[in-house]
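Data block below; observations after.
Naming convention: chains lettered A, B, ... in sequence-line order (proteins, then strands); numbering from 1 in each chain.
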There are 2 protein chains.
Amino acid sequence: MAETSPRPPLATPAKSPPAEAAAHDRLYRVLRQQILVGELLPGQALTLRGLGKQFGLSMTPVREALRRLVAEGALTLSSSGRVATPELTNERIEELAALRALIEPELASRALPRAHLALIDRLSAINTVNAEAVAKRDAVAYIRTNLEFHRTLYLRAQAPAMLAVLETVWLQLGPTMRALYEKVPRNEPPRHHRLILAALRAGDEPGLRLAIRTDVTQGLRHLTG
Amino acid sequence: MAETSPRPPLATPAKSPPAEAAAHDRLYRVLRQQILVGELLPGQALTLRGLGKQFGLSMTPVREALRRLVAEGALTLSSSGRVATPELTNERIEELAALRALIEPELASRALPRAHLALIDRLSAINTVNAEAVAKRDAVAYIRTNLEFHRTLYLRAQAPAMLAVLETVWLQLGPTMRALYEKVPRNEPPRHHRLILAALRAGDEPGLRLAIRTDVTQGLRHLTG
DNA sequence: GCGCGGCATTTGTGATCACAAACGCGCATG
DNA sequence: CATGCGCGTTTGTGATCACAAATGCCGCGC
């Protein structure tokens, strides 16, 4: 089923001109994105041979990609070595939400001095697409544009290490966010994003911190209830 | 050459009764601890075959251990796939210090209600050992006991996810902390630890947050200067 | 004496195999 | 009809090999 080609004995077959990353790295990126935006539900199992067949790879690079995702908390490892998307307890969700509430206002604050109009316009555009996803009840598109909104802002903070840590938190929440949406579809576009944009325009740092914190904690409120 | 024994055709030979983790996991733990407490200086290179020979393993488990550490930021990956301990820029150090300053007061605050006398005594004892490390100019022992002091407190917060994120920050700073100590040996035992203990005893939450934050930021002040 | 080109070596990547443990499904039994 | 037990299958782990790229070192030429 996975054999799209007769599998010649070459080691790295599909090597065209363009810059091509290592196979394990490509697989890592694909899976990471899927988990991040909630394409996988919590508890979904992933097997080495299964993914290997699916992507035309042997077990070695698959194992590396999975190990990396496990290390980042994007996947969990059962005692027998099986990997699956995490099924978070309410306590863990609260912790991860608290981490978001700690880190994201700081990143927003650092981005504020560099947030000129072009950036705010981009954020506004992303927000529009996000509203469309809400209208279409498209969970994945909703999560993706929501994260894109935040990440676009935080990129301006010029703080790659903080952003990297934050993204591992997002990764851990990915499948759970999707499951949340399945249960309680958003009926309204993110109301707090408008507050964020207003605070950015006004250069209001305390207001921005508050708006971010509210947006983050309120989004995950339904879960712990 | 790595054959310390005639290598019988068994896959997992040394399997005695005791609970034994996978080989790649054991190697991961050893390296992680070494990096965490500063046994490795920044820029130190690690090779698959080198570590494999050193620990009597093939490349496969070594690769997994290294990949995991890279994913946690404990090691960096050069463009050609070489792994080495990170050489942090001042900006990155500042970011990681800021993350510590955000997360650690929160963990301390959550631990405060559960910090009874036995815990404070344990912390005090660790602090004593830490002072000895300072007297002996033992960089590794200093870093190890310092982290143990903080971790012992934070374990009481019952927040494993937050602690895990914090430890990845510590990991990234490990080699740099060691290098810092080489340049500027601590001439005094950690003065802020006494403030932390006092705030714990008094149940003074704002004072505890401040003491933790000060301890964290001041320890890394020498670097960014 | 200095720089540079080429080759031997080192090193990471991926495929494949052998093995043991875990899993699960079906059958036999009470 | 319910409940274990057992075996075939699936799955992770680690070793080994083939290969290509990067490294670095030595010697040749200027």
Legend entry - Check: A:E95 side chain, B:M162 main-chain N or O, donor-acceptor pair, under 3.5 Å: yes
Legend entry - Within residues 39-51 of chain A, residues whose heavy atoms come under 4.0 Å of DNA chain D: A:L46, A:T47, A:L48, A:R49
Legend entry - Strand contacts (DNA chain D) in residues 64-72 of chain A, 4.0 angstrom heavy-atom criterion: A:R67
Inset, instruction - Considering only NZ, NE, NH1 and NH2 on the basic side and carboxylate oxygens on the acidic side, decide whether B:R110 and B:E106 come within less than 4.0 Å. - result: yes
Legend entry - Donor-acceptor pair, side chain of A:R114 and main chain of A:R156, under 3.5 angstrom: yes
Legend entry - Interatomic distance, A:Y28 OH vs C:dT13 P [rounded to whole Å]: 15 Å
Legend entry - Backbone N/O of A:H24 and side chain of A:E64: donor-acceptor pair under 3.5 Å: no
Inset, instruction - Test for a donor-acceptor pair under 3.5 Å between the base of D:dG14 and the side chain of A:R63, counting only N and O atoms. - result: yes
Legend entry - Among C:dT16, D:dA15, D:dT10, the one nearest B:L57 by side-chain distance: D:dA15
Inset, instruction - Take atom NE2 of A:H24 and atom C1' of C:dT13, then tell me their distance rounded to the nearest Å. - result: 7 Å
Inset, instruction - Find the distance B:M59:CE to D:dC17:P and express it as a whole number of Å. - result: 12 Å
Inset, instruction - With DNA chain C as reference, determine whether A:S79 or A:D25 sits nearer its 5' end, using the nearest nucleotide of each. - result: A:D25
Legend entry - Distance in angstrom units between B:R82 CZ and C:dT9 P, rounded: 16 Å
Inset, instruction - Please check the phosphate of D:dA22 (OP1 and OP2 only) for any side-chain N or O of B:S80 closer than 4.0 Å. - result: no
Inset, instruction - Check the angle between the aromatic planes of B:H150 and B:H193 and answer parallel, tilted or perpendicular using the 30° and 60° thresholds. - result: perpendicular
Inset, instruction - Ignoring backbone atoms, test whether A:T60 places a side-chain nitrogen or oxygen under 4.0 Å from the OP1 or OP2 oxygen of C:dG14. - result: no
Legend entry - Nearest-Å distance for atom pair CG/C1', residues A:L27 and C:dG14: 13 Å
Legend entry - Neighbour count above 12 (heavy atom, 6.0 Å) for B:R122 CZ: no
Legend entry - Closest to the A:A23 side chain, choosing from D:dA15, C:dG14, C:dC17: C:dG14
Legend entry - Donor-acceptor under 3.5 Å (B:T85 side chain, B:G43 main chain): yes
Inset, instruction - Answer whether the closest heavy-atom distance between the side chains of B:L66 and B:L27 falls below 4.5 Å. - result: no
Legend entry - Sub-4.5 Å side-chain heavy-atom contact between B:R178 and B:L40: no
